[in-house]
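Okay, so here's the structure we're looking at.
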Amino acid sequence: MTLKIYNTLTRQKEIFVPIEDGRVGIYVCGPTVYDHPHIGHAKSYVSFDIVVRYLRHLGYKVRYVQNITDVGHLTDNADAGEDKIEKRAKLEKVEPMELVEMYMRSYYEDMDALNNLRADISPRATGHIPEQIDLVSALIDKGFAYESNQSVYFNVSKLKDYGKLSGRKLEEQESGARIEINPEKKHPADFALWKKAGPEHIMKWNSPWGVGFPGWHLECSVMSMKYLGETFDIHGGGIENVFPHHECEIAQSETANERPFARYWMHNNMVTVDGQKMGKSLGNFVTLKDAFKKFSPLTIRFFVLNTHYSSPINYSDGALEAADTGLERLFNTIRSLRERMESSSGTEGLETWKAKLESYKNDFEGAMNEDFNTAEALAVLFNLSKEVNSLLNKEDVVSKGVLTEIDSFYRAYGGNVLGIITENTGQYDPEGADTYKIEDDLIKALIETRNELRASKQWELADKVRDRLSELGIIIEDKKEKVAWRKK
RNA sequence: GGCGGCAUGGCCAAGUGGACUAAGGCAGCGGAUUGCAAAUCCGUUAUCCAGGGUUCGAAUCCCUGUGCCGCCUCCA
């Protein structure tokens, strides 16, 4: 079985072959940290987290680079807007770097909650100004960039294959261009490499062309090449960045190096909210911090994984509630499994189950190998759970060996690869069991009382205890061997 | 105007030429289990937007139509 990846560059699914055997370099466009992350970030970064996790599962040594954009990303228009960071910093009356620090922390907080692994390198644009200046100089030297009024632009007319990623042709762009013609440019599609900074600018640096700041596209070229090499394996990002951002990255990098840039381009699709596109300018974006108030981060992760990364998803309370119930079902199995493990022993039936799990593994990996089909991979987990639940329902003794083997499977595939099952899955309070010690004892006391009522067939009173606990979010389950309880 | 994508059961969503007599989840219905529940299990609910074509064979390829959506301005 081999991994296949849909490559935007070639518009087809290709067998993945890394440049260096056993190693993978991947660069994913990170956030511009001028606001709290929203559910669009969740889809994007969960998707690429899965890519990294699965590549590691396959045994690759992965170097995952995801940048933090902290300068150069303009509002409105790639050449004429305000710097997003500066604009927001002025609004909040803080230093730009203070703002960056604040939202960067917010970003990591939410990504950690979603159980996304941290990137191996998280380079910041402001930390790579000299490298960016060098790249601009190199492009000027090669005759593909020109200085104009202390700004520098890339001359797209000189590049014959400009547009190869997005499938656009320069001639077609001219008629429909909505950008106002910038008189500094030779061609309307030329993009800024370096921008002259006026006196009002806070973030600015000296350069051979005067005081200025880097163009947005520049940082990704520079930082990916610095940490992954001039040609590297995978470049990922949101589909809305195919043009112009990624197209420009390719133009800059390949012109400077005279060799291919990223080999596989992966693009995740967008999130809509109640059927409408979610955009910062539309003001309908849902921050993760708000979403987390209603739904657990793992529910959101599960919701994202239920659809292929290249398909759009629609965020709505109803959809998230459905996802929540579905995930709970999976968790119920893990809970039952782990409870049963505590009281079991022996290794009877282990060989049979090893064979079964081998088959599930093949199904799971088969799904993931087809361009990271997480929806199908999840279906495999649900199928397994059905079989496990049946096993646990039978009165027969199930050996510890079998239960442990199944648990290992969930840890490996539901845990390490998909990141939805954790060490604590199935526990009544994953956050901190000891802080609920008294509550725990009180519940146990109530359950004991209720058991006595049941023994004397006082059903009404027994049910009342159960109903009251249910109202408080404690679910009682009368099982054959014992009475179990959990937090809803 | 240019480029690209999507249309699968009540909802969400895999599948993109032959083991599809179409995964999986949510919701519903019937049953098992239970003192009643909960949890779980079993059964049940589709011929794949419409029309035409290619093929021995199509949800899957081609054409036409309809309807959505994205990009071409910042956005993950």
Side-chain angles (χ1 to χ4, degrees), chain A residues 8 11 28-32 35 37-45 47-48 73-82 84 163 166-169 171-180 189 216 236-245 267-272 275-282 285 302-303 306-308 310-314 316 318-319 321-330 332-333 335-336 363 367 370 373-383 385-390 392-394 454 457 459-460 462-463 466-467 470 475-480 484-486:
Chain A
T8 308
R11 282 149 221 281
V28 174
C29 284
T32 302
D35 205 344
H38 51 69
I39 52 181
H41 292 105
K43 173 157 167 86
S44 185
Y45 299 119
S47 298
F48 288 110
H73 201 166
L74 307 186
T75 58
D76 308 321
N77 169 320
D79 300 320
E82 269 187 275
K84 292 183 169 196
S166 55
R168 285 162 212 272
K169 294 185 179 68
E171 313 83 70
E172 289 162 355
Q173 295 304 304
E174 290 180 70
S175 58
R178 279 186 267 166
I179 313 171
E180 260 184 64
W216 175 42
I239 198 170
E240 78 285 356
N241 281 332
V242 171
F243 189 90
H245 187 53
H267 291 100
N268 65 280
N269 217 310
M270 318 271 290
V271 178
T272 54
Q276 261 212 315
K277 180 196 171 179
M278 187 180 68
K280 287 182 178 170
S281 51
L282 294 174
F285 68 95
F302 176 78
F303 172 67
N306 235 332
T307 305
H308 189 84
S310 66
S311 299
I313 51 173
N314 184 42
S316 69
E321 277 156 21
D324 193 53
T325 313
L327 183 61
E328 187 63 28
R329 203 167 126 74
L330 215 49
N332 281 336
T333 305
R335 176 185 301 108
S336 308
D363 289 350
E370 285 298 321
N373 193 334
T374 52
E376 204 175 310
L378 280 173
V380 174
L381 290 190
F382 276 102
N383 286 333
S385 293
K386 194 167 279 189
E387 188 163 359
V388 171
N389 284 328
S390 293
L392 295 172
N393 272 347
K394 283 192 296 185
R454 290 172 70 217
K457 296 195 193 300
W459 305 125
E460 265 188 46
D463 289 352
R466 185 175 60 197
D467 292 345
S470 172
I475 306 298
I476 300 290
E477 296 181 0
D478 297 332
K479 298 193 174 176
K480 282 199 178 66
W485 69 274
R486 62 189 163 89

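Computed from a predicted structure; not experimentally measured. First the proteins, then the strands, lettered A, B, ... as listed; each starts at 1.
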Answer yes or no: side-chain N or O of A:N373 and base N or O of B:G15 forming a donor-acceptor pair under 3.5 Å. no
Verify the contact: side-chain N or O of A:R329 to OP1 or OP2 of B:C41, cut-off strictly under 4.0 Å; return yes or no. yes
With no hydrogens and no angle check, just 3.5 Å: does a side-chain donor-acceptor pair link A:S311 and A:N269? no
Nucleotide forming a Watson-Crick or wobble pair with B:A14, both distances under 3.5 Å: none
Using the P atom in both, what is the distance from B:G51 to B:C41, to the nearest Å? 39 Å
Any side-chain N or O of A:N389 under 4.0 Å from OP1/OP2 of B:C41? yes
Answer yes or no for this row: A:F382 ring on B:G25 base, centroids under 5.5 Å, planes under 30°. no
So, is A:N332 close to the B:U40 phosphate, meaning a side-chain N or O under 4.0 Å from OP1 or OP2? yes
Under 3.5 Å on both distances, the Watson-Crick or G-U partner of B:U44: B:G28
Touch check for A:D467, heavy atoms < 4.0 angstrom, all strands: base, sugar-phosphate only, or nothing? nothing
Just call it for A:G40: base, sugar-phosphate, or nothing, with non-hydrogen atoms closer than 4.0 Å on any strand. base
Proximity to the side chain of A:K386 - top-ranked nucleotide from B:C41, B:G2, B:C74: B:C41
Please tell me if A:S311 has a side-chain N or O lying less than 4.0 Å from either OP1 or OP2 of B:A14. yes
Using Watson-Crick geometry (N1-N3 plus N6-O4 or O6-N4) or G-U wobble (N1-O2, O6-N3), each under 3.5 Å, B:A23 is paired with none
Under a 3.5 Å cut-off for both distances, is B:A39 Watson-Crick or wobble paired, and to whom? none
Is any side-chain nitrogen or oxygen of A:K394 closer than 4.0 Å to OP1 or OP2 of B:U40? no
Paired with A:T307, the side chain to side chain contact (heavy atoms under 4.5 Å, CB included) test is passed by just one of A:N314, A:T374, A:I313, namely A:I313
Tell me which nucleotide, if any, is Watson-Crick or G-U wobble paired with B:A58 when both distances must be under 3.5 Å. none
What is the base-pairing partner of B:G51, counting Watson-Crick and G-U wobble geometry with both distances under 3.5 Å? B:C63
Less than 3.5 Å between a donor and an acceptor, one on the side chain of A:N314 and one on the base of B:C11, is that the case here? no
Nearest to the side chain of A:N383 - B:C26, B:A76, B:G24? B:G24
